[in-house]
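Remember, it's 1-based here, ligands and their atoms both numbered in the order they're listed.
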Amino acid sequence: MRVHPALATLLGALSYTTNAVAATNAEGAVASSAAVDESIVKGAYIVEFEGDDDTSAFYKDLSTDGIEVEHRMAMNYQLFKGTSFHLKGDVAEPDVAANKIAAKSRVKSIWPVRKISFPKPDVTHVGSNVTELLQRVAKAKRQEGDGNLFTPHVMTQVDKLHAEGYTGKGLRIGIVDTGVDYTHPALGGCFGEGCLVGYGYDFIGDDDSSPVPIPDSDPYDGCMGHGTHVAGIIAAQLNEHNFTGAAPGVTLGMYKATGCGGATTNEILLSGFYAAFEAGSDIISCSAGDDSGWASDPWAIAASRIAEAGVPVIVAPGNSGDLGIWYPSTPASGLHVTAAGSVENVVLPSMVKAATFSINNGTETQRFGVRFGSPSFQVNATLPLWAVGNDTNSETDACDALPDNTPDLSDKAVLLRMPTSGSECTTETQAKNLADKGARYVLWYSQTNINIPDVYINNELIEAVGGVPSEQGAEFISLLNEGNTVTVDINDWSSAGLFIHNLDNPIGGYTVRSSSWGPTQEIDVKPQVTTPGGDILSTYPLTLGGYAVLSGTSMATPLLASIFALVAEARGTKDPEVLRSLISSTAKPNVWFDGDTAFNDILAPVAQQGAGLAQAWEAAHATTILSESSISFNDSDHFVAERTFTIQNTATEDVTYILGHTKALTMYTFANNGANVLKSTYFPNPSAEGWAELSFASDEITVPAGGVSEVTVTLTPPQNLNATLLPIFSGYITLNSTKEESLVLPYLGVLGSLHDTPIVQAGYDGGVYLTDTNGHFNIPSLANVTFTLNRPDSNSSSSGVIYPKLIIRPTLGAPTLRADLVALTDTGLPTTEWHGYQTLGPLSGFPATLVPRNGALSYFYGSLDDGTVVPEGTYKFVTSGVRVFGDASKEEDWDVVETVPFILKYKS
Ligand SMILES: *[C@@H]1O[C@H](CO)[C@@H](O)[C@H](O)[C@H]1NC(C)=O
Ligand SMILES: *[C@@H]1O[C@H](CO)[C@@H](O)[C@H](O)[C@H]1NC(C)=O
Ligand SMILES: *[C@@H]1O[C@H](CO)[C@@H](O)[C@H](O)[C@H]1NC(C)=O
Ligand SMILES: *[C@@H]1O[C@H](CO)[C@@H](O)[C@H](O)[C@H]1NC(C)=O
Ligand SMILES: *[C@@H]1O[C@H](CO)[C@@H](O)[C@H](O)[C@H]1NC(C)=O
Ligand SMILES: *[C@@H]1O[C@H](CO)[C@@H](O)[C@H](O)[C@H]1NC(C)=O
Ligand SMILES: *[C@@H]1O[C@H](CO)[C@@H](O)[C@H](O)[C@H]1NC(C)=O
Ligand SMILES: *[C@@H]1O[C@H](CO)[C@@H](O)[C@H](O)[C@H]1NC(C)=O
């Protein structure tokens, strides 16, 4: 087929910045999304040539057809020959021109240039704990001492591979991101041959305001920070905070895709992937994406092509976990791309100011951290510590006036415990009681070790306040109780250094709520595995402080790319499928955590965590290689009960494997609301009490030394579940070997038919409706409400004008979505027939293809996609969509719904 399936995206590509969505609650998510036509660069396209082609000959060819273009980017790569360009002038119907271009024999595919924002990391703190991981960290702490412990590495066994000397040396990891501050001492201090950041390119230049990219060869970033954090997770060298990257021996390449505004396009990111590939990267890591959900998305296909060509591609699936299942971003959704879900770090590294203390006037000092409050320390203070009480469980320190025998506190650093929040006693009360005894400098310690007090005191006698964690408070109190004098030395805020204190993370070890869920809309397993991405310490541009703690799948991705490098080094193979299978089969599935409570009796869905938390040492040393990293049983229409995979035994002895099955939580796509519309749900999707049964031809299999054997597994789907609500069932085939390997092979499937599920449904509950003239809160409009607009061609101010807004929340991702304008009054304009309606044509931005499940919204400004301005009158919107796995050329594969009518009037 010459025309790429994405052709219909021509004008309709949808892009929602992952974070705008994740930051809101799920019900409001559509409202925060960009309108369909705001996410593309209108009139700009990427073309892939059928073979080797000459761009200027191509442009000349277009010119003879009357299509004049302005060149954007040359995209001439081994795996992709193409170009991007703008249609010249004010082209009313870019889709018509694009269709003409697509029809040319030299064009393999064409798709619109889409705007993409780099994800802003998110932070989450709430919850409960993961016993096994905490024990492992505690053990490592005893062995290594606090100073040397970097918990993301302990959680993933990266520390064990470092101990064996593996660092990724000799390997090249190409990163596509916001650039890097290579002047950072922990990132080598230089750029180019021989430097840690050895290669790369800046695709966009430093001038964000330029309409076209102005590339240069220097990928330096001193303003965004994201790429510097990512680079440090991979390859930071040992530094003053005592951590390294997970693969500090690699050479990094940085393909910079944004300026200081954070905005980029799919053409730039795509170019970054291919340039990284051609520069000889052994692994490519990218922590960016675009809302999609589709494996057949062009960018996902392009990234997948690199993995098929032999270079592992690791990509962040996004931070849209709040939207629930079916929401991986692209290109993480690509079939051969490895998507890294995110797990909470077991500690919360907290960046505060560094201070020191000494005992009994000794010369030896110890470092500790203080969170400066308000007022902050303006002077360098060296003061003896004086504690209000010696009870570290006190809830009433200085809540009442201090006793008469209290010494003068003016030359002391006063230490006391935070009051219980919500109690009558506040830090202000405490400060007043202390000030009455002359206190000027006060340090509060927290009640528990999950935070450091951030204190604001409004008392003119108090000169400086700070907070320390409960652990530190307890250490001080215990020293004082033993009769020691403790002297603290705290510098003023501008000269005090940085200190990182590892607080307890109550949700440490669990999968991060915001980590995006799979599967793809084509029911491919996503993500593949998880790594720590929540609350991760790494390098940051020197201009922005040098170090930062960030969260997101953006942080999980470079750690997983590093694990690929370590395992590749240890095993001497770079084969993407082998590495992916090893890292997946040796991962540890996590229990289900719903954001508040952990359920130790059921594993989290494969759609959330893939195979689970990656275990690098086991992947590096496993002697068993499975032929698959996951199995999708698809939906009921495509279900094949019997599946096979192979076990390769690379050991020098025969190995027997015991096959087993561990179920994971089954979740419904829709809620059963008893109504005849399917109600979309968000995190956590409703769970279901029903699981698949698995059986094996034999529960035990012996594979000879160096041999390969085939396993046949037969799956019986769950019974007694409501297939209309599309439950997703999943679990793990387990393989326990006589060599004490314990491996998993994740699987998932959908009960019910995606094709039989209506894709659009009318009304507020159904998800497709017109919003009212209030303009806020997305309340549905009554029939025949009047919207009074500016004429589309007028210059008058649009302030106060409420435009009709069409909300479309499809039940699932929609292969193709259309929104048409149908008149109920005479317009004098030509109409065409569309599924029984006489349509004036599609609204701006439609038709759209490969629409994500979160849907689309469109404002109506009085004109259609082709620019036609419609007269005053009564109209309605008709929304139509092709069902998943449907055929757009078949009438019966479309669902068509209409909104209530509305009356259109123009001002003056
Ligand atoms: C955390 O784990 C410890 C033991 O490891 C357990 O005693 C405690 O109850 C757990 N806390 C929560 C909130 O689950
Ligand atoms: C770093 O590790 C060294 C050696 O274990 C230790 O002496 C030092 O205190 C640590 N530094 C920090 C900032 O934790
Ligand atoms: C520490 O020095 C201070 C002031 O110089 C003095 O008052 C105090 O007694 C000394 N403490 C000890 C334990 O030596
Ligand atoms: C505090 O000490 C540092 C050096 O340790 C010095 O640079 C700074 O100026 C001092 N601050 C004040 C307010 O004296
Ligand atoms: C704490 O203080 C109380 C009263 O001042 C005293 O009786 C007690 O011995 C102290 N506890 C310790 C552990 O020093
Ligand atoms: C495989 O080993 C794991 C961990 O040791 C254990 O929980 C599981 O029950 C074992 N499975 C089978 C089928 O023996
Ligand atoms: C299955 O769910 C649909 C949609 O909510 C509902 O109409 C139907 O009654 C349910 N079927 C059963 C057997 O509960
Ligand atoms: C809205 O207006 C249309 C056309 O004028 C009319 O057919 C329809 O009955 C009206 N609907 C309501 C609910 O008033």
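Checked against salt bridge (Lys or Arg N to Asp or Glu O under 4.0 Å), Lys876 has the following partners two or more places apart in sequence or in another chain: Glu898. For Glu618, the salt bridge (Lys or Arg N to Asp or Glu O under 4.0 Å) partners at least two apart in sequence or on another chain are Lys588. For Tyr803, the ring pair (Phe, Tyr, Trp, His ring centres under 6.0 Å) partners are Tyr861, not counting sequence neighbours.
At a 3.5 angstrom cut-off on N or O pairs, Thr724 does not count as close to ligand 7. Ligand 6 has a nitrogen or oxygen under 3.5 angstrom from a nitrogen or oxygen of Asn736.
His835 and Trp894 have tilted rings, their planes meeting at an angle from 30° to 60° on a 0 to 90° scale.
Considering all non-hydrogen atoms of both residues, Tyr769 and Asn778 come closest at OH-O, 2.9 Å.
Counting only heavy atoms from C-beta outward, the side chains of Thr586 and Leu743 approach each other to under 4.5 Å.
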Enumerate, one pair per line, all nitrogen or oxygen atoms of ligand 8 lying under 3.5 Å from a protein nitrogen or oxygen, stating the separation to 0.1 Å; write 'none' if no such pair exists.
from, atom 1, to, atom 2, distance (Å)
ligand 8, 2 (O), Asn784, OD1, 2.9
ligand 8, 2 (O), Asn784, ND2, 2.5
ligand 8, 11 (N), Asn784, ND2, 2.8
ligand 8, 14 (O), Asn784, ND2, 3.0

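Checked against the 6.0 Å centroid criterion, the rings of Phe877 and Phe860 qualify as a close aromatic pair.
Residue-level proximity to ligand 7 for Asn676 is absent, since no heavy atom of it falls below 4.0 angstrom.
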